[in-house]
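Letters A, B, ... mirror the listed sequences (proteins, then strands); counts begin at 1.
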2 protein chains.
Amino acid sequence: MAELGASLARIVRRLMKAEEPVLRAHGLSMWAYAALSSLAAQPATSQLALAKAIGYDKTRLIGLLDELAQEGLVVRERDPADRRSHTVRLTPDGEARHAAARAAIRVVEDELLGPLSAAEQRSFRAMLARVAEGS
Amino acid sequence: MAELGASLARIVRRLMKAEEPVLRAHGLSMWAYAALSSLAAQPATSQLALAKAIGYDKTRLIGLLDELAQEGLVVRERDPADRRSHTVRLTPDGEARHAAARAAIRVVEDELLGPLSAAEQRSFRAMLARVAEGS
DNA sequence: TATTGTTATACTCTATAACTATA
DNA sequence: TATAGTTATAGAGTATAACAATA
């Protein structure tokens, strides 16, 4: 059987190359999209939690959130319970931007999985999610 | 269904994190292992071909091959038919180093796929290879 | 003392352009 | 003129350490 790592690396490269221009057309970087996606699923209780959720460095997340906040896509608010923490959530504009990008990305994803039948795609996505969760 | 890109990114990060120390124990970087793996499957007719095969930049491949050649793992020879080209192939030492690393990497891969049953693992690996080939 | 957010710094990785030798 | 290999340089991405505010 082929190298797992080599196959994964090739797929990720292809996917990123295909997604990058699509996201750019929506005014988003790859990491910006990752952050919006995570926040769309659930608001972050802290920037640290968000960084961990998307696998990004906490120090680089700051500049990213600065830009997203300036564009009015997210809002940071101090947590009254722990004034060191900032909660982060999407604005309505942020939700709309994410939804539009998500639809476009889904098209790219489906194209990537083109070699698989519809049933295989469902099976593949499910197994991929399980492996990603590690459970 | 979960984000394809997010799942893939998480898996690749986990895999690289787990593989890196294993490869280092065998005296190899990730890219060195990728090069050896490709050469183990088939010698390269040129450095450009090798770079393309593993998705690496041709200008960075040079330094990598310099190191691998100095360690006696690969040999570069001018192609008599086109003296601009260098063929690249593994030495017996290179084959041995790759085989040892491959066995250790396989263990890490199987651990990553632990959430899947044996039958699912075979199915997943097969589908992954098909998607990677894009056919 | 430990943690969140932040800034600054250094380092690695990557992309680009230019050079040589061959074709 | 174009291509394989090479080198050098600039840029982007990343990691590390240190700081202020809060716990």
- Got a sec? Which of residues 64-87 of chain B come in under 4.0 Å of DNA chain D, heavy atoms?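 Only B:R76, B:R84, B:S85, B:H86 qualify.
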- Query: How close do B:I54 and B:S38 get, heavy atom to heavy atom, and via which atoms?
  - Reply: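 Distance-wise, the nearest heavy atoms are CG2-CB, 3.6 Å.
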- Task: With salt bridge (Lys or Arg N to Asp or Glu O under 4.0 Å) as the test, would you mind laying out the steps for A:R102 and A:E109 before giving the verdict?
- Result: CA-CA 10 Å; A:R102 177 75 192 101; A:E109 289 182 359; 3.7 Å; yes
Do [X] and [Y] have side chains that approach each other closer than 4.5 Å (heavy atoms only, starting at C-beta)?
{"X": "B:T87", "Y": "B:Q47", "value": "no"}
{"X": "A:R125", "Y": "B:S7", "value": "no"}
{"X": "A:T45", "Y": "A:D79", "value": "no"}

- Query: Quick one: A:I62 CD1 to C:dA8 P, roughly how many Å, whole number?
  - Reply: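 Computing the A:I62:CD1 to C:dA8:P distance gives 11 Å.
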- Query: Which is the 5'-most and which the 3'-most nucleotide of DNA chain D that has an atom under 4.0 Å from a heavy atom of chain A?
  - Reply: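 Going 5' to 3' along DNA chain D, contacts run D:dT14 to D:dA23.
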- Mind jotting down which residue pairs meet the side chain to side chain donor-acceptor pair (under 3.5 Å) criterion with at least one end in residues 50-69 of chain A? Sequence neighbours excluded, please.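 Of all non-adjacent pairs touching residues 50-69 of chain A, those that pass side chain to side chain donor-acceptor pair (under 3.5 Å) are A:D57-A:T59, A:D66-A:R76.
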- Message: Suppose the criterion is side chain to side chain donor-acceptor pair (under 3.5 Å): which pairs have a residue in residues 13-23 of chain A, not counting sequence neighbours?
- Response: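 Side chain to side chain donor-acceptor pair (under 3.5 Å) check on residues 13-23 of chain A returns A:E20-A:R24.
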- Item | same_hphob_cluster(B:L128, B:V12) at 4.5 Å side-chain heavy-atom cutoff |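 Shared cluster, yes.
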- Message: Show every ring-ring contact (aromatic ring centres under 6.0 Å, His included) that has at least one partner inside residues 91-135 of chain A, sequence neighbours left out.
- Response: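 Only A:Y33-A:H98, A:F124-B:F124 qualify under ring-ring contact (aromatic ring centres under 6.0 Å, His included).
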- Message: I'd like to know whether B:E71 forms a salt bridge (Lys or Arg N to Asp or Glu O under 4.0 Å) with B:R97, so could you lay out the CA-CA distance, the side-chain angles of the two residues, the decisive distance to 0.1 Å, and finally the verdict.
- Response: CA-CA 11 Å; B:E71 284 191 78; B:R97 182 82 71 91; 3.3 Å; yes
- Task: Name the nucleic acid region contacted by B:L48, choosing base, sugar-phosphate or nothing; use a 4.0 angstrom heavy-atom cut-off, strictly under.
- Result: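 Contact class for B:L48: sugar-phosphate only.
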Quick test: give all pairs of protein nitrogen or oxygen and nucleotides 14-18 of chain C nitrogen or oxygen below 3.5 Å, distance rounded to 0.1 Å.
{"residue": "C:dT14", "atom": "OP2", "partner": "B:R60", "partner atom": "NH1", "Å": "2.7"}
{"residue": "C:dT14", "atom": "O5'", "partner": "B:R60", "partner atom": "NH1", "Å": "3.1"}
{"residue": "C:dA15", "atom": "OP2", "partner": "B:R60", "partner atom": "NH2", "Å": "3.1"}

